[in-house]
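The next block holds one structure in the form of structure tokens; read it before the comments.
If you read the sequence from its start, that first residue is 1, and numbering goes on from there.
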Amino acid sequence: MRTVRDAVFDILRQHELTTIFANPGSTEVPLLAGLPDDLRFVLALHEGSVVGMATGWAIGREAPALALLHSVAGLGNAVSAIATARENRVPLVIVVGQQDRRHLALEPFLAGRLAGLAGDYPVRTDQPVRPQDVPGAVARAVHEATTSRGPALVLVPMDDWQAPFDGETVAAPARLLRPAAVADADLVPLVELLAGARSPAIVSGAGVGPGWFALVALAERLGCPVYQESFGGRAGFPQDHPQYGGVLPGGRSGLRERLRPHDVVLAVGAPVFRQYSYEPGALVEPGTTIALVTDDPAVAHRSPADLAYLAAPEAVCARLADLLPPPGRGGVWARVSGHEPYSGGPLRPTDVLRELAARLPHDVALIEEAPSARPDLHAMVPARTSFGFISAANGGLGFGVPAAVGLRMAQPGRPVIAVVGDGSALYGVQALWSAAHYRVGALFVVLANGRYAVMDGLADKHGGGKGPWPPFDEVDMGALARSLGCPAQRIETYAGLTGALDEVLPTLAARETPLLLDVVVTVDP
């Protein structure tokens, strides 16, 4: 007899979702017991790491990833990682186990009120009415996750897996195509706007995706600077390009000042414009026209742009580069870091970033989760490919370590480095066990200052008083890593730092075991 479980496995194979990231419980046993050999099971020790690793896998493969969570506890623990995946626009199919359908009305042990637990962050949450509707729900979740670029949930009672599926219909297309062409006639208003601009600029964002070539061609055609969106989850333009102008400020006054020279600003794959602390005033100076190209409906609908296109950024940029006349302008806008070289004494985050940048392979995937060091990282470590800067777009912690593990699993030949603070690493430290167990050769550079330096700075800024939270310098990240099976080295000197980087980085792409560098850094005054 063909079962619902059999039908779902066939759908997973059809969509190449044959790697299952999970931290399972009893409600998932009927699905997993006797798992077919062609389906790969990857265990993580916490549900946040499950979804974080799946997120990294999806980024690395540029395709949906599959995660399996256990009822209310599993989904609840994973909500922050689900929110990060949504903000980063990463397609995930998440199957959540539920208690036996036949006595759910009695709310048995381990039953969960799952439908609203992740809030509005899933792009779809499906509770199939019948067991026989589960295969179609999983197939639809693949399409929804891909189209909306976010996590799609399917809630499945544990007895559904063994239900019969003979002669049933899968309520989803076997293949779904998404043509992305843009008609030249529709681009006329944007062509006229850019062609008539005295001093245009581009703001690039994570929504540009891995295909930078069209945006580079457009920027070179316009001869204008390209700025990176603030607090973006991924670099949107090669940051070693002579027209790269740096990261936009996260406050309105700084944003107005940076964009003041430009009469037309085109945001591509980025919202208009992302901020952090509230500041009064307009986003840009009067007389500056804002245009937007995005394939995210939510961004298009909320952005205060004068002209907005809901379309594939790559397709639009490619046509604009062909349609626009050459303007005869050009220049170099690259921003040069002013950080001083190492001058002795305790290591600073800038010392670590400078030495790292000097040795990074061109094709490195760098995952960042070091909030207090992020501005310095942007200034000192340019992203030379679309994998050169990846971060949690919503600012939540716990993304960096598991995402690096998942990304390296997806691209085993690419050098992968996670630069994380010790406070950030503690939110996803369980993923180090998965890295060690599955022989994932990523490098984890932990900037260990023993405190929440960003919070200390905010407390100083808002009122000047000291925050009530204590430092946590008793934490030994190297010992934690080793307890999870991950090799670790403690770095306290400049010679120790350069020696470790010189040893590890040349062979990082071929490395088969993870390594954590616990780098003790001082907090800049």
Side-chain angles (χ1 to χ4, degrees), residues 89 147-149 177-230 232 236-237 241 243-245 248 252 255-275 281-331 333:
R89 303 198 67 204
T147 300
S148 301
R149 291 170 61 185
L177 301 180
R178 302 171 179 83
V182 180
D184 289 355
D186 293 334
L187 293 177
V188 168
L190 186 53
V191 170
E192 292 176 346
L193 178 66
L194 293 171
R198 169 184 51 80
S199 176
I202 294 173
V203 175
S204 68
V208 171
W212 281 359
F213 303 106
L215 180 59
V216 171
L218 174 60
E220 292 176 347
R221 187 70 166 178
L222 287 170
C224 71
V226 180
Y227 303 105
Q228 172 73 30
E229 66 168 323
S230 60
F237 189 79
H241 192 285
Q243 288 174 228
Y244 177 62
L248 286 180
R252 295 190 183 195
L255 180 66
R256 288 194 299 270
E257 184 61 30
R258 183 71 63 84
L259 297 179
R260 184 188 301 275
H262 307 294
D263 58 336
V264 174
V265 177
L266 172 63
V268 181
V272 178
F273 289 107
R274 205 159 193 216
Q275 307 288 287
L283 295 174
V284 294
E285 293 293 334
T288 298
T289 300
I290 299 173
L292 168 69
V293 178
T294 178
D295 63 356
D296 186 339
V299 168
H301 297 162
R302 74 170 182 264
S303 291
D306 299 284
L307 175 63
Y309 283 81
L310 183 57
E314 185 174 4
V316 171
C317 290
R319 290 306 301 144
L320 287 175
D322 289 338
L323 295 171
L324 283 165
R329 69 171 74 89
W333 286 269

Approximate separation, where rounding is to 0.5 Å, of [X] [atom1] and [Y] [atom2]:
X	Y	atom1	atom2	answer
C224	L194	SG	CG	8.0 Å
F273	R252	CZ	CZ	11.5 Å
L248	R258	CG	CZ	6.0 Å
I202	Q243	CD1	CD	8.0 Å

Seminar exercise, completed: By ring pair (Phe, Tyr, Trp, His ring centres under 6.0 Å), F237 pairs with (sequence neighbours left out) H241

Looking only at heavy atoms, what is the nearest atom pair of [X] and [Y], with distance?
X	Y	value
L218	C317	CD2-SG, 3.9 Å
P313	G207	CG-O, 3.7 Å
A270	L292	O-CD1, 3.1 Å
A180	A315	O-CB, 3.2 Å
R221	P326	NH2-CD, 3.4 Å

Exercise. Do P189 and Y309 come within less than 4.5 Å of each other through their side chains, counting heavy atoms only?
Worked result: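 Answer yes - side chains close enough.
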
Exercise. Less than 4.5 Å apart, any side-chain heavy atom of V268 and any of L266?
Worked result: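 Side-chain contact under 4.5 Å: yes.
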
Exercise. With sequence neighbours excluded, what pairs up with R319 under the salt bridge (Lys or Arg N to Asp or Glu O under 4.0 Å) test?
Worked result: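 With sequence neighbours excluded, R319 shows a salt bridge (Lys or Arg N to Asp or Glu O under 4.0 Å) to D184, D322, given in chain and number order.
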
For this session: For atom CD of E314, decide whether the heavy atoms of other residues, nucleotides or ligands shown that lie under 6.0 angstrom number more than 12.
Result: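 Open: at most 12 neighbouring heavy atoms sit under 6.0 Å from CD of E314.
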
Exercise. Does D306 reach the main-chain N or O of A291 with its side chain, forming a donor-acceptor pair under 3.5 Å?
Worked result: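 Answer holds: no.
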
Problem set entry | Donor-acceptor contact below 3.5 Å, side chain E229 vs main chain R274 |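 No, E229 side chain to R274 backbone: no donor-acceptor pair under 3.5 Å.
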
Problem set entry | Residue list, side chain to side chain contact (heavy atoms under 4.5 Å, CB included) with V191, at least two apart or on another chain |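 By the side chain to side chain contact (heavy atoms under 4.5 Å, CB included) rule, V191 matches L187, L320, L323, L324.
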
Distance-only donor-acceptor hits, side chain of residues 295-303, under 3.5 Å, sequence neighbours excluded:
unit_1 : atom_1 : unit_2 : atom_2 : d
D295   : OD1    : R89    : NH1    : 2.7
D295   : OD1    : R149   : NH1    : 3.2
D295   : OD2    : R149   : NH1    : 2.8
D296   : OD1    : A298   : N      : 3.0
D296   : OD2    : R89    : NE     : 3.4
H301   : ND1    : P297   : O      : 3.2
S303   : OG     : V272   : N      : 3.3
S303   : OG     : V299   : O      : 2.7

Exercise. Got a sec, which pairs hit salt bridge (Lys or Arg N to Asp or Glu O under 4.0 Å) with one end in residues 201-211, sequence neighbours left out?
Worked result: none

Kindly list each side-chain donor-acceptor pair under 3.5 angstrom involving residues 281-288, sequence neighbours excluded, with atom names and distances?
unit_1 : atom_1 : unit_2 : atom_2 : d
E285   : OE2    : R260   : NH2    : 3.4
T288   : OG1    : H262   : O      : 3.1
T288   : OG1    : E285   : O      : 3.4

Problem set entry | For L215, the option from V316, V208, V293 that meets side chain to side chain contact (heavy atoms under 4.5 Å, CB included) | V208

